[in-house]
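Input: a single structure, listed below in structure tokens.
As the structure is a prediction and not an experimental result, all values here were calculated from the model. By convention in this document, chain letters (A, B, ...) are assigned in the order of the sequence lines, proteins followed by strands, and residues within each chain are numbered from 1.
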Protein chains: 2
Amino acid sequence: MAKRVSHRDSMCGVARPLDAIGDWWSLLIVRDAFDGLRRFGEFQKSLGLAKNILSARLRNLLAHGIMETVPAADGSPYQEYVLTEKGRGLFPLLVALRQWGEDFFFEPDEAHVLLVDRKNGLPVRRLELRAQDGRVVGAEDTMVRLPQASAGKGIA
Amino acid sequence: MAKRVSHRDSMCGVARPLDAIGDWWSLLIVRDAFDGLRRFGEFQKSLGLAKNILSARLRNLLAHGIMETVPAADGSPYQEYVLTEKGRGLFPLLVALRQWGEDFFFEPDEAHVLLVDRKNGLPVRRLELRAQDGRVVGAEDTMVRLPQASAGKGIA
DNA sequence: CTCAGATGGTTTTAGTTTGAAACCATCGTG
DNA sequence: CACGATGGTTTCAAACTAAAACCATCTGAG
């Protein structure tokens, strides 16, 4: 971990978060945490990964402040793992991932889980990126502006 | 690759896309592709990763239809790597990642690149998930509905 | 009290992956 | 026709992954 620092010693705004998450397993753990899973054994059963790996991933998520342990909940003497605010901030990313999956990884007629509004059970809308004036913008409508300088292009 | 199929032989709507992307390098390659990079050497210089790794990642992205090769562009005899529509579909995910990074990985006063509207240079808004009725919804306002059955909860 | 089972890990060990460096092939140019 | 630029592949040591075995703690049953 944290070995990604290839040729620049400050990582860019995309690489830095990636490094913190760690790997795909971590993201699946976070997803399960959004689902309400809290215990080591629950994550292990849900994901089916080796216990040592789960242990390492949880440790990394804790170290990066994405999850935290809370001392108890149902009286059992064990700790539970819950998302911090930083961890809950990953929700849009997971939604983006899920929607991309819906678009390109399922046949049109293939059944798949649907993210719905709790209030009325209707599917949520697609994530949309909007400009200040409210226009929906795509990749081609955006560019990056470097810190204090002026130029730059693309989404780097 | 494709060894993630832990204990279920059909992967869920989040794991399947993750498996296709492959790893973090692939996502950084995609980001660079959004920036307009097209050539093997450009990616390699930008990311500073070993050529064999870049080669493997590009192969994987091609295999999953996220990028494709086009025979030429400036007359040089080499091929170029460009995003497919599926690849361009990753834009919201990258934006989500970047915005999460902005929120939690930079000091309030720390300079960082900013994603701006090409038309007027203003920063884009935050990604927001909206319900059908237009309400902005967070993780706690949503749940998943399983394929054709009725129950299910969380964002799995 | 003691023993078995549940929970939550760590250690061990083999296999896989990574990544730096060296090597190789092709094209275009002087 | 030698040479640099480009775009890779091969080699090999080091790091990481993952399955299984092991270990520690707590709980309830007898």
Side-chain angles (χ1 to χ4, degrees), chain A residues 1-9 11 15 18-29 32-33 36-64 67-82, chain B residues 1-9 11 15 18-29 32-33 36-64 67-82:
Chain A
M1 226 69 78
K3 278 258 287 327
R4 181 66 33 79
V5 182
S6 47
H7 59 133
R8 224 142 108 281
D9 54 284
M11 298 167 84
L18 287 177
D19 183 65
I21 295 172
D23 76 346
W24 294 150
W25 281 125
S26 301
L27 212 46
L28 292 173
I29 292 168
D32 275 356
L37 271 54
R38 304 164 71 94
R39 299 282 284 259
F40 187 96
E42 290 180 313
F43 292 116
Q44 211 237 318
K45 186 147 60 78
S46 164
L47 298 172
L49 82 178
K51 296 202 291 181
N52 54 347
I53 303 298
L54 175 56
S55 182
R57 293 303 172 274
L58 286 171
R59 218 177 354 252
N60 185 62
L61 290 169
L62 295 176
H64 282 89
M67 301 189 81
E68 62 188 343
T69 51
V70 299
D74 61 340
S76 68
Y78 306 111
Q79 60 189 349
E80 302 188 337
Y81 299 87
V82 300
Chain B
M1 227 68 77
K3 279 255 290 332
R4 181 65 33 83
V5 181
S6 47
H7 59 135
R8 227 147 103 284
D9 53 283
M11 298 165 86
L18 286 177
D19 184 66
I21 296 172
D23 76 346
W24 293 150
W25 282 125
S26 301
L27 212 48
L28 292 173
I29 292 168
D32 275 356
L37 271 53
R38 305 165 70 94
R39 299 282 285 260
F40 187 95
E42 290 180 312
F43 291 116
Q44 210 237 318
K45 186 147 61 79
S46 164
L47 298 172
L49 83 176
K51 296 202 292 182
N52 54 346
I53 303 298
L54 175 56
S55 182
R57 294 303 171 273
L58 285 171
R59 215 172 3 247
N60 185 62
L61 289 169
L62 295 175
H64 282 89
M67 302 188 79
E68 62 188 343
T69 50
V70 300
D74 61 340
S76 66
Y78 306 110
Q79 60 189 348
E80 303 188 336
Y81 298 88
V82 299

Could you check whether any side-chain heavy atom of [X] comes within less than 4.5 Å of a side-chain heavy atom of [Y], counting everything from C-beta outward?
X     : Y     : result
A/D32 : A/E42 : no
A/I29 : A/L54 : yes
A/K45 : A/L37 : no

Calculate the interatomic distance between [X] atom [atom1] and [N] atom [atom2]; express it in whole Å.
X     : N      : atom1 : atom2 : value
A/N52 : D/dA19 : CG    : C1'   : 8 Å
A/L49 : D/dT17 : CG    : P     : 11 Å
B/I53 : D/dG8  : CD1   : C1'   : 13 Å
A/L47 : D/dA19 : CG    : P     : 13 Å
B/D23 : D/dC16 : CG    : C1'   : 13 Å
A/F40 : D/dT25 : CZ    : C1'   : 15 Å
B/K51 : C/dA21 : NZ    : P     : 12 Å
A/N60 : C/dG9  : CG    : P     : 15 Å

Return the minimal non-hydrogen interatomic distance between A/N60 and A/A20, and the atom names on each side.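 It is ND2-O, 3.3 Å.
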OP1 or OP2 of [N] versus the side-chain N and O atoms of [X]: is any pair under 4.0 Å?
X     : N      : answer
A/W25 : D/dA18 : yes
A/R59 : C/dG9  : no
A/Q79 : C/dG9  : yes
A/S55 : C/dG9  : no
A/R39 : C/dT7  : no

Once you apply a heavy-atom cut-off of 4.0 Å, does A/Y81 come out as touching a base, just sugar-phosphate, or nothing?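 Here A/Y81 touches the backbone only, sparing every base.
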Both A/A50 and A/P77 contact DNA chain D. Which one's nearest nucleotide lies toward the 5' end?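 The residue mapped nearer the 5' terminus is A/A50.
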Given side-chain hydrogen bond (donor to acceptor under 3.5 Å, both in side chains), test A/S26 with A/D23 step by step and report yes or no. CA-CA 6 Å; A/S26 301; A/D23 76 346; 3.2 Å; yes
